[in-house]
K.L.:
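Have a look at the structure that comes next, please.
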Amino acid sequence: MRMNSHDVGLNPGELYEVSDIIKKLGANFVGIVTNGLLYLPGERVALGDTVEGITADEALDILRHSTAHLMAHAVKSLIRDAKLGIGPAIENGFYYDIYTKEKITEDTLQLVEGKMRELAEARLPVQRQVLSKDAAIELFSSLGETFKLELIDDIEGDEVSVYRQGDFVDLCRGPHVSNTAHIKHFKLLSISGAYWRGDENREQLTRIYGTAFWTDEDLREYLHNLEEAEKRDHRKIGRQLDLFSINEDIGPGLILWHPNGAIIRKEIEDYWRNVHLEKGYQFVYSPHVARTRLWEISGHLGFYKENMYPPMELENQTYLVKPMNCPFHVQIYKAKTRSYRELPLRFAELGTVYRFERSGVLHGLLRVRGFTQDDAHVFCTREQVEDEVTDIMELALDMYRLFGFENLKIELSVRDPMNKDKYVGEDDVWELAEKALENALKRAGKEYVVAEGEAKFYGPAIDIKVRDAIGRYWQGPTIQVDFNLPRRFGMKYTGKDGREHEPVMIHRALLGSLERFFALLIEQYSGWFPLWIAPEQIRIIPITEEQLGYAQEVADKLREFRIRMDDDTGSKLGYRIRQAQMDKVPYVLVIGAREVQEGLVAVRHGVKGDLGKMGVEELAKMLREEIRQRAHL
RNA sequence: GCCGGCGUAGCUCAACCGGCAGAGCAGCUGACUUGUAAUCAGCAGGUUUGGGGUUCGAGUCCCCACGCCGGCUCCA
């Protein structure tokens, strides 16, 4: 929080040692900002009229923001016609969007990084300057910085601030480090295109990503973590463990589930079905295609066409492959007259849908073109909506907790108020739906953010996002309140009053899609699946041929588990243990002469290592309990 | 779709300035009969993603297509 210097007993204009100022501010600050610049303990500073204590996180953001400036400075000194877009600090670093006529490639990054080091070593003081908008417009016009002019236009008030270092000047709110010499430990990481102001109809700038830290240690640790995260990548583990594949001749974004992956999917589906039965859902099945007419009524042809595959024509009728399951469930509802006594009616289906996704967005199992949603539609009265939404949210969170997911972000996805023609339905109905979701969130007491423009075309939603191995968030659970489709389809139920009423429809998916969920699960466990879903639960390793008979007896007793007999007795034990480890088998039973003699098995846990010897019954009991609890390894 | 990068054996990767496509692992065969993360030997495996071009000669240079990777836009 920014304070008046006087108020904390300090005199503006006077020279202070930074740590003395921090003492006055009395908190866990690592530095201070005054005159728009960051100062750290050990520095002497002429205090400005205001002073602000800075936490470690804030200081790191400032450093990264300043590193972005340094990078822009370097690019501009190397490429004369470069024009700057924006260059903020982000979660793990920073980026700067820069427009150049000649293309920037990864080779350019080396040059830029070199130039940055040069400019940092030049120990350039950084200065903040406040300009009138007119002066700023003149300044940036003379520099040809057309994007900055657009930004100035959008800034409220009459004044803007700029930061200078050497011959470089940038429009910026700040704050920044006080000297480029503070910027020592940084690295430029990648390069990509980014549309100016996120609008694909505008210019595409080059976005350069990088990161910066206060110490070399922190930088190395971060880079090391990046490498570690790559090892958890579901595409890599998927191949190693033979879980799934994507085949070019079949098509991009279309998934082959191999036996190992299919077992995991089957276990998850079984669990999912049981939970849904307990929670009062009924299962339905629906076809993969439907006549054009259905999609006209639902509004998909108007609002979702971009994502649908082109129609196929047969016997003078056109059919479309389904991108969603909802219209089918609606028709099941409409197959007979419904009474209020039946509501809420909950139809669930593991429904496979196909959506045309633009080629550049496909990503392993996380973004595909054909996928199976764990879909359900709840039809209920207006009064029941909040309870239903609350229950669904609880169920979703429980399910994710079971699989060990901690990093969830809850969003309330509402319409983009500037773009209402992207959605079907009347304002009052949308407001009702948004209100219902908001109330449910408040009742659940969960923290959430409002995401404008993220609503589906037929209604607002609670969207829950899950983190992948490298920190990207993907949508998992979604709960959507929809007053629109019931109206379009003319859905009805007979109320207590004997009259017809319109039900409300809630669309929901918990896991999201099995493909995406599987990807997140692989990365969550880095392939070490809990016993209950592990494709191979036990591997038996008889040391020599001598023990094959006894090993087979053990295997027979453990037939309830997914088990593999490793009878490659020609290889050394160490080698075979290593194979089991790489296959990420939860339990390995080593059987040698001693085990046969004692009538025991030597148990090795994939993560915990050697557990010693035990009897087969004792082991089976332990494993059954582990499966019952669906415990993590 | 857009920007940048990449595509060599099932996997991971070599191949100098354009000059005979190569290794480890996996697979197969055989020897070894083994005590908690790699025993040894042999064999087999390739239209260098596909198509066109330049060249005496292309994995290497150019063009097109396809696919993949990191982003942007878009979305479970």
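Order of the sequence lines sets the chain letters (A, B, ...), proteins ahead of strands, with each chain counted from 1.
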K.L.:
Using the P atom as the reference point in each nucleotide, state the distance between B:rC13 and B:rU36 in Å, no decimals.
P.N.:
32 Å
K.L.:
Might you list the N or O atoms of the protein lying below 3.5 Å from N or O atoms in nucleotides 72-74 of chain B, with each pair's distance?
P.N.:
residue : atom : partner : partner atom : Å
B:rC72  : O4'  : A:G193  : O            : 3.0
B:rC72  : O2'  : A:Y195  : N            : 3.0
B:rU73  : O2'  : A:E200  : OE2          : 3.1
B:rU73  : O2   : A:R358  : NH1          : 3.2
B:rC74  : O2   : A:R367  : NH1          : 3.2
B:rC74  : O2   : A:R367  : NH2          : 2.5
B:rC74  : N3   : A:R367  : NH1          : 3.0

K.L.:
Identify each atom pair where a protein N or O and an N or O of nucleotides 41-48 of chain B are less than 3.5 Å apart, giving names and distance.
P.N.:
none

K.L.:
Residues in salt bridge (charged side-chain N to carboxylate O under 4.0 Å, His left out) with A:E203, at least two apart?
P.N.:
none
K.L.:
Side-chain donor-acceptor contacts of residues 100-107 of chain A below 3.5 Å, not counting sequence neighbours, with atom names and distances?
P.N.:
residue : atom : partner : partner atom : Å
A:T100  : OG1  : A:E102  : O            : 2.6
A:T105  : OG1  : A:D107  : N            : 3.3

K.L.:
Give each protein N/O atom lying under 3.5 Å from an N/O atom of nucleotides 23-27 of chain B, with the pair distance.
P.N.:
residue : atom : partner : partner atom : Å
B:rA26  : OP1  : A:Y575  : OH           : 2.7

K.L.:
Does B:rA76 have A:F371 stacked on its base, where the ring centres are within less than 5.5 Å and the planes differ by under 30°?
P.N.:
yes
K.L.:
Just do the ring pair (Phe, Tyr, Trp, His ring centres under 6.0 Å) check on A:H363 and A:W474 with the steps written out, would you?
P.N.:
CA-CA 11 Å; A:H363 187 96; A:W474 299 86; 5.6 Å; yes
K.L.:
Please collect all side chain to side chain donor-acceptor pair (under 3.5 Å) contacts where either partner lies in residues 401-410 of chain A, sequence neighbours excluded, each pair once.
P.N.:
A:D398-A:R401
K.L.:
With the criterion being N/O to N/O and under 3.5 Å, what pairs connect the protein with nucleotides 63-69 of chain B, and how long is each?
P.N.:
residue : atom : partner : partner atom : Å
B:rC66  : O2'  : A:E248  : OE2          : 3.2
B:rG67  : O4'  : A:E248  : OE2          : 3.4
B:rC69  : OP1  : A:R235  : NH1          : 2.9
B:rC69  : O3'  : A:R235  : NH1          : 3.4

K.L.:
Within the 4.0 Å heavy-atom criterion, would you say A:K465 contacts the bases, only the backbone, or no part of the nucleic acid?
P.N.:
nothing
K.L.:
Kindly say if A:Q475 contacts the phosphate of B:rA76, meaning a side-chain N or O under 4.0 Å from OP1 or OP2.
P.N.:
yes
K.L.:
Runs of at least three consecutive Watson-Crick or G-U pairs, both distances under 3.5 Å, are what I'm after; which ones involve RNA chain B?
P.N.:
B:1-7 with B:66-72, B:10-13 with B:22-25, B:27-31 with B:39-43, B:49-53 with B:61-65
K.L.:
At a cut-off of 3.5 Å, list every protein nitrogen or oxygen paired with a nitrogen or oxygen from nucleotides 29-36 of chain B, distance to 0.1 Å.
P.N.:
residue : atom : partner : partner atom : Å
B:rC32  : N3   : A:G570  : O            : 3.3
B:rU33  : O2   : A:T569  : O            : 3.3
B:rU33  : O4   : A:E545  : OE2          : 3.1
B:rU34  : N3   : A:G570  : O            : 3.4
B:rU34  : O4   : A:T569  : O            : 2.2
B:rU34  : O4   : A:G570  : N            : 3.2
B:rU34  : O4   : A:G570  : O            : 2.7
B:rG35  : O6   : A:A593  : N            : 2.9
B:rG35  : O6   : A:R594  : N            : 3.0
B:rG35  : N1   : A:E595  : OE1          : 2.8
B:rG35  : N2   : A:E595  : OE1          : 3.2
B:rG35  : N2   : A:E595  : OE2          : 2.5
B:rU36  : O2   : A:R604  : NE           : 2.8

K.L.:
Apply salt bridge (charged side-chain N to carboxylate O under 4.0 Å, His left out) to A:K76 and list each qualifying residue two or more places apart in sequence or on a separate chain.
P.N.:
A:E145
K.L.:
Taking the P atom of each, how far is B:rC6 from B:rC17, in whole Å?
P.N.:
16 Å
K.L.:
Treat primed atoms plus P, OP1 and OP2 as sugar-phosphate and everything else as base, then score nucleotides 9-14 of chain B 5' to 3': B for base contact with protein heavy atoms under 4.0 Å, S for sugar-phosphate contact only, - for none.
P.N.:
--SS--
K.L.:
What residues, two or more places apart in sequence or in another chain, satisfy salt bridge (charged side-chain N to carboxylate O under 4.0 Å, His left out) together with A:D61?
P.N.:
none
